[in-house]
Amino acid sequence: MKIADNLEMLELPMKVMGIERIIYPTLMWDDDNVILIDTGIPGNLETIKKQMGAAGTSFDKLSKIIATQQDIDHIAGIKGILSKNPEITVLAHEEDKPYIQGDKKVKRLNSKFMDRIKDLPEEEQLKIVDMFENSCVKVNSTLSDGEVLLYCGGITVIHTPGHTPGHICLYHQMSKTLIAGDAMNILDGQLVGPNEDPMSEDGVNANDAINSLKKLENYDIVNIITYHGGLFNDKPNERIKEVIRDRKFYSYMK
Ligand SMILES: [Zn+2]
């Protein structure tokens, strides 16, 4: 879906945890750079190519991948893309870099997680564990809070820890679009924060997540692209305030 000139929200079907969902990576480009923000999983590659062409650019021109975070549903597709073009630069925040590179073991793959997937068919379970263990790629360059990337008219990096320690949002200045990754989600049509996990042993920190959303209040936002919920453009700044005030979180249970 076109969000603004040279800014496209991709829509990719993805089956994870036995449930078919749509994920929404973002594509933006200018004369010199084509940037994909989050990549889905290996099976998404052909759809990405097709949608890039339909958007008016092409997969062959892809020059940068920015990962908003370390989670596999965001990064597992990177390896397959790099196998087609190893020149593509991979960027992420310093705090998630060691997990993306495999230097540190991801916290999500713990006994609680294994318990959650234990009722899935064995083939599905193996696929998920395989993605966790074999999706590592080198991060070529790290991004820091407040940094402005001079591509596509200016992209501001906002460090938004909570969902993961090195989670980032990106603000596309020209269109006032916030690429939120998993810092926010949409539940029953309402804007909410990330999934809250009070146990916090898988790395989610609800207090950090709320503090991160407070940082977003400094931006004039027309569109929010959430990775799992898609586009949200109903007075985003007001709705973000409400999410903070009411501590509205996403829940897998709904
Ligand atoms: Zn996610």
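Whatever order the structure lists ligands and atoms in, that order sets their numbers, starting from 1.
- Both Met52 and Ile81 sit in one connected hydrophobic cluster of ILVMFWY residues. Membership requires side-chain heavy atoms under 4.5 Å apart, directly or through other members.
- Residue pairs satisfying the side-chain hydrogen bond (donor to acceptor under 3.5 Å, both in side chains) criterion with at least one member in residues 85-94, sequence neighbours excluded, are absent.
- Closest to the Zn ion (ligand 1) among the N, O or S atoms of Asp182 is OD2.
- The N, O or S atom of Asp73 with the smallest distance to the Zn ion (ligand 1) is OD2.
- Note on Lys118 versus Asp115: salt bridge recorded, some NZ/NE/NH1/NH2 to OD/OE distance being below 4.0 Å.
- Using cut-offs of 30° and 60° for the angle between ring planes, the Tyr171 and Tyr219 rings count as tilted.
- For the Zn ion (ligand 1), the N/O/S atoms of His163 include none lying under 2.8 Å.
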